[in-house]
Number of protein chains: 2
Amino acid sequence: MLDRVSRVRRFNRAVTSAVGALDTSFLGRGRPLGAARVLNAIGHGRTDVGDIRDYLGLDSGLMSRLLRSLEDEGLMETTAHGDDARRRIAKLTAAGKREFNAYEAISNRQAKDFLAHHTQREALLAAMDLIASALGRDGTALHEMDPRSDEARYCLGEYYAELARRFKQGFDVKLSRDPDAKDMVRPRGSFIVAMSDGLPIGCVGLKGSSCEFAEIKRLWVAPSARGLGLGRRLMDAAEKAARELGIAVLRLDTNSALAEAGQLYRRSGWTEIPRFNDDPYPDLFFEKRL
Amino acid sequence: MLDRVSRVRRFNRAVTSAVGALDTSFLGRGRPLGAARVLNAIGHGRTDVGDIRDYLGLDSGLMSRLLRSLEDEGLMETTAHGDDARRRIAKLTAAGKREFNAYEAISNRQAKDFLAHHTQREALLAAMDLIASALGRDGTALHEMDPRSDEARYCLGEYYAELARRFKQGFDVKLSRDPDAKDMVRPRGSFIVAMSDGLPIGCVGLKGSSCEFAEIKRLWVAPSARGLGLGRRLMDAAEKAARELGIAVLRLDTNSALAEAGQLYRRSGWTEIPRFNDDPYPDLFFEKRL
DNA sequence: GCATATATCTGACTTTAGTCAGATATCGTC
DNA sequence: GACGATATCTGACTAAAGTCAGATATATGC
């Protein structure tokens with residue numbers, strides 16, 4: 001009925017008016033939106049004044065005045081940065097924290113009300129994740145993390161669940177060659193998580209070993225973040241880490257049921273090689289010389 | 001990893017910054033956003049000044065000044081309303097139409113660029129439809145339409161396609177008792193389409209007949225609009241139309257594969273009755289006395 | 001015809017956001 | 001310690017949005 005462009009524009013219209021309502025709800029506490037945004041940025045852990053300025057895209061003059069108005073209200077204080085006295089650190093006072101919590105409560109209530117009005121909650125949330133990841137693509141950052149961190153374990157859990165869904169015979173980690181966490185931490189290897197505004201949406205592991213090659217393991221991209229080129233970015237980051245660690249040969253194993261993965265490897269300079277391990281799950285093996 | 005409320009808020013953040021970018025793109029034509037919004041509202045067919053004011057949520061003084069500024073630019077003219085000379089009708093001049101088209105081109109280009117940057121297009125569009133329908137629920141309007149209109153035929157096509165997917169034996173309209181369009185037009189019956197900002201997202205038919213009962217047919221709600229209570233609204237509208245037409249007994253047939261539909265009927269006062277026709281597809285039959 | 005309601009317009013005003021030039025203090029480096 | 005770079009602040013300004021009290025013209029009901 002509607003062509004694609006019209007559908008995107010219908011979405012834009014729906015969301016524009018919703019965002020307008022969201023903004024005006026923040027006006028209920030008798031403070032202009034600019035000041036409220038600064039207060040919230042500080043409350044969410046941004047303390048460096050320059051960082052807040054960049055994040056909110058404010059002019060330095062305007063920023064300074066907004067900080068002054070929050071200080072006059074007794075909601076925050078600034079102190080000099082320990083290492084560099086030119087930089088200022090913003091910190092909420094007790095009153096500021098109360099006020100920040102009030103804004104948080106408004107946001108949480110709105111989100112809750114929105115969900116409460118719909119019975120199709122999981123579908124709606126999945127759609128929201130998908131769009132948030134697509135819109136936030138430029139903001140997706142890759143972080144080297146410990147594979148035992150909460151973020152990494154969340155990714156691995158999702159990864160195993162997906163393998164279990166996609167392999168005809170299911171998937172049981174215990175039967176697979178599960179890499180030791182230490183092999184995926186520097187200086188032996190690395191583990192990289194893609195974070196999109198607080199949500200982990202992808203990961204990859206670089207497993208160092210005592211033999212002549214290292215392995216790429218656990219490449220996963222959240223369903224809500226596919227089609228954004230994130231798999232390629234993760235692989236590039238893993239290769240970069242491998243080069244930094246002086247690794248010359250990379251190998252990986254995968255399964256032909258994961259067609260996108262195979263395509264990605266072939267398109268980015270990997271060549272198929274014969275089986276090099278006895279893991280029961282993979283049926284495709286690749287190598288890349290750096 | 002993130003709880004539901006946090007996921008909704010992540011979506012809100014992603015979308016807020018995207019909408020900001022969308023707004024600033026409209027500034028490129030040297031006109032403040034307010035004036036551009038009014039120009040676009042007129043271009044999209046809103047001619048009544050009061051209507052535009054309500055739609056954009058503007059103060060009457062501000063609205064008046066924005067109209068004046070567009071008039072000074074030679075982009076529009078106002079005339080008195082035929083029936084009520086207090087009301088004013090806004091109309092774009094040739095120059096105004098050109099300017100409106102330029103804004104349309106900006107919006108279309110942005111939508112196209114957005115799609116071009118993603119390979120997962122259908123998933124993304126489905127997510128956008130879902131969210132636009134959810135956000136636009138209050139704006140969803142039910143319209144009585146001819147079952148042969150484009151909107152109705154689109155809905156029926158989607159409905160048949162869904163039956164074909166959900167019935168084990170598939171679905172072929174020709175084998176089913178396809179109601180005559182004339183039986184679903186006043187004064188015999190009615191056909192109602194739910195429109196959400198230009199997109200048909202649901203329908204229901206009321207089929208009058210010469211026997212002692214009328215039938216509810218073709219109740220359909222787009223997958224992107226489920227969980228919003230739209231099925232209930234459509235059924236209520238169909239019952240209202242039936243009462244207006246002096247119909248006392250309603251019947252319908254359905255299939256137990258369509259569990260949501262059966263639930264809806266049971267919860268809204270319908271009682272199961274024995275088979276009353278020889279259509280091969282249904283296996284559940286209901287009646288409701290008005 | 002007259003009072004009252006309604007739709008729009010005008011003028012005077014405020015608030016918010018944003019811009020820009022320059023002041024002030026501090027940092028890093030030679 | 002001088003010098004240029006950097007981070008923040010201050011003052012002076014503008015543009016845009018929004019508010020509010022009337023003015024004007026027209027409609028509606030008695």
Side-chain angles (χ1 to χ4, degrees), chain A residues 16-17 19-42 46-73 76-91, chain B residues 16-17 19-42 46-73 76-91:
Chain A
T16 301
S17 62
V19 163
L22 226 145
D23 275 357
T24 52
S25 77
F26 265 34
L27 263 38
R29 299 196 65 75
R31 195 170 291 109
L33 201 59
R37 295 210 303 154
V38 172
L39 180 70
N40 277 288
I42 302 170
R46 289 178 196 270
T47 53
D48 206 293
V49 167
D51 176 38
I52 299 170
R53 212 172 41 218
D54 289 349
Y55 173 65
L56 298 176
L58 298 175
D59 172 86
S60 71
L62 181 52
M63 176 70 191
S64 190
R65 252 176 288 272
L66 291 173
L67 285 179
R68 231 42 64 223
S69 82
L70 290 173
E71 261 179 351
D72 292 349
E73 280 194 86
M76 56 143 274
E77 291 162 342
T78 53
T79 51
H81 188 284
D83 297 340
D84 182 344
R86 291 170 305 182
R87 285 154 69 190
R88 311 235 84 201
I89 297 299
K91 198 168 173 297
Chain B
T16 302
S17 63
V19 164
L22 226 144
D23 276 357
T24 53
S25 77
F26 266 33
L27 263 37
R29 299 197 65 76
R31 194 170 290 110
L33 201 57
R37 294 212 302 155
V38 171
L39 180 70
N40 277 288
I42 302 170
R46 288 178 198 269
T47 54
D48 205 295
V49 167
D51 177 39
I52 299 169
R53 211 172 43 217
D54 289 350
Y55 174 65
L56 298 177
L58 297 175
D59 172 86
S60 71
L62 182 51
M63 176 71 190
S64 190
R65 251 176 287 273
L66 291 173
L67 286 178
R68 230 43 62 223
S69 83
L70 290 173
E71 261 178 350
D72 291 349
E73 280 194 86
M76 54 142 277
E77 290 163 343
T78 54
T79 51
H81 188 284
D83 297 341
D84 183 345
R86 291 170 305 179
R87 285 154 70 189
R88 311 235 83 200
I89 297 298
K91 196 167 175 298

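Just so it is clear: chains get the letters A, B, ... in the order the sequence lines come, proteins before strands, and each one is counted from 1.
Following rounding to the nearest Å, B:Met63 (CE) and C:dG11 (P) show an atom-to-atom distance of 18 Å. As rounded to whole Å, 10 Å separates atom P of D:dT10 from atom CG of A:Asp72. A:Leu56 has its CG atom 10 Å from the P atom of C:dG18, to the nearest Å. Atom CG in B:Asp48 sits about 9 Å away from atom P in C:dA7, given to the nearest Å. A:Asp59 places its CG atom 13 Å from the C1' atom of D:dG11, with the value rounded to the nearest Å. Across the protein-nucleic acid pair, B:Arg53 atom CZ and D:dT19 atom C1' stand 14 Å apart, rounded to whole Å. Separating the CZ atom of B:Arg86 from the C1' atom of D:dA25 is a distance of 9 Å, rounded to the nearest angstrom. For B:His81 and C:dT6, the NE2 to P distance is 17 Å, given to the nearest whole Å.
Rounded to the nearest 0.5 Å, atoms CG (B:Leu66) and CG (B:Leu39) are 11.0 Å apart. Here the CD1-NE2 distance, from A:Ile89 to A:His81, works out to 4.5 Å after rounding to the nearest 0.5 Å.
A donor and an acceptor atom never sit less than 3.5 Å apart when one is taken from the side chain of B:Arg65 and the other from the base of D:dG18.
OP1 and OP2 of D:dT26 both lie 4.0 Å or more from every side-chain N or O belonging to B:Arg87. Within the structure, a side-chain polar atom (N or O) of A:Arg68 is placed less than 4.0 Å from OP1 or OP2 of D:dT10.
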What are the atom names and distances for every N/O pair under 3.5 Å that joins the protein to nucleotides 14-17 of chain D?
{"from": "D:dA17", "atom 1": "OP1", "to": "B:Gly34", "atom 2": "N", "distance (Å)": "3.1"}

Under 3.5 Å, which N/O atoms of the protein pair with N/O atoms of nucleotides 22-24 of chain C?
none

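In terms of heavy atoms, A:Ala41 sits closest to A:Leu56 at CB-CD1, 4.4 Å. The heavy-atom pair separating B:Leu33 from B:Leu27 by the smallest distance is CD1-CD1, 3.8 Å. Closest of all the heavy-atom pairs between B:Thr24 and B:Ala21 is OG1-O, 2.9 Å. B:Ile42 approaches B:Ala90 most closely through the heavy-atom pair CD1-CB, 3.8 Å. A:Ala35 approaches A:Ser69 most closely through the heavy-atom pair CB-OG, 4.3 Å.
In this structure, A:Asp84 reaches the sugar-phosphate backbone alone: every heavy-atom distance under 4.0 Å involves primed, P, OP1 or OP2 atoms, never a base.
B:Arg31 is listed as a side-chain neighbour of B:Leu70, based on a closest heavy-atom distance under 4.5 Å. Put simply, the side chain of A:Leu67 reaches to within 4.5 Å of the side chain of A:Met63, judged on heavy atoms.
Each of B:Asp48, B:Thr47, B:Thr78 was evaluated against B:Arg88; a single residue qualifies, B:Thr78, per the side chain to side chain donor-acceptor pair (under 3.5 Å) test.
When each of B:Ser64 and A:Asp83 is assigned the nucleotide of DNA chain C bearing its nearest heavy atom, the one mapping closer to the 5' terminus is B:Ser64. Between A:Gly30 and A:Ala85, the residue whose closest nucleotide on DNA chain C is further toward the 5' end is A:Gly30.
The side chain of A:Arg88 sits closest to D:dT8 out of C:dG11, D:dT8, C:dT8.
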